[in-house]
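Note: hydrogens, waters and symmetry copies are ignored here, and every other heavy atom, side chains too, is used. All ligand and atom numbering here is 1-based and tracks the order in the structure.
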Amino acid sequence: MPELPEVETTRRGIDAVITGQTLRHLVVREPRMRWPVPPELPALLTDRVVLECARRGKYLLLRFEHGIQLVHLGMSGSLRRVPLDEAPRKHDHVDWVFDHAILRLHDPRRFGAVLWHPAQDGPIEAHPLLTSLGIEPFDPRFDGKWLHDQFRGRAMAVKQALLAGSAVVGVGNIYASESLFRAGIDPRLAAGKVSRPRCDKLAAAIRATLTDALDSGGSTLRDYVGASGEPGAYFTIHAAVYERAGQPCRVCGTPIRRIVQGQRATYFCPVCQRR
Ligand SMILES: [Zn+2]
């Protein structure tokens, strides 16, 4: 599934293509996404200027004068720029048609979403899908103290506490395993037992892991296509532990272990990562 680095890479890509441009038509071929695409949306957005392309968690936020369009890529979604004359293919559900190009949403599994938040409903932060999101990993307030405060008293394993997204958003399954390896923390350790100095290490490791993924144009999805139309680099190629079960740890040579936590695979080095 697209994780935060893919969504941020997409945001940067489409920002360059659509911000400041006038949306001529929104074409909805398939409204049955995770939630139905509001039927009034094409009429609301005809000939409207995209003022900004922002992101909160894994939601892309396309800001117009009269409201914000929320776009989520779900499990399998991708957005890409295509020429005006390119015919849609199967699973190309939504088009944003501009004068110079089309932004096209492709989503075979249809767990994605295209929603609308009218300006009169107040700040987007109050939207029900966004209110429970944790802090952004690149927010200046996110550090070891923040994590330590969020983890205090929690018996849940630290890997699962990261995935829950209430402490910090954007640390999905791959990045949780990779960050814990970098910080030398056993993924099974209770979140509340992670000391303050180790929380400092973990916060730094999360930022470093996400930065590396962004730098490589991060993609975790096999058929992911970046906003430029180029296939994304596969972050897993550079992974230290993720999907490397049985292979030697790049630091100590011990075989990487795979366990299941909350029905998700976790990968770690039993020697480099301590309780
Ligand atoms: Zn190791």
Under 4.5 Å side-chain linkage, directly or through intermediates, the cluster mates of I102 | V27, V82, L84, V97
Using modelled atom types only, decide if a donor and an acceptor are shared between the side chain of D92 and the backbone of R89 within a distance under 3.5 Å.
-> yes
Taking atom CG of L61 and atom CZ of R56, what is their separation to the nearest 0.5 Å?
-> 9.5 Å
Does Q69 reach the side chain of L26, with side-chain heavy atoms less than 4.5 Å apart?
-> yes
Decide if atom CZ of F98 counts as having more than 12 heavy atoms of other residues, nucleotides or ligands within a radius under 6.0 Å.
-> yes
Ring centroid separation for W116 and H127, is it under 6.0 angstrom?
-> no
Under 2.8 Å from the Zn ion (ligand 1), protein N/O/S atoms total 4
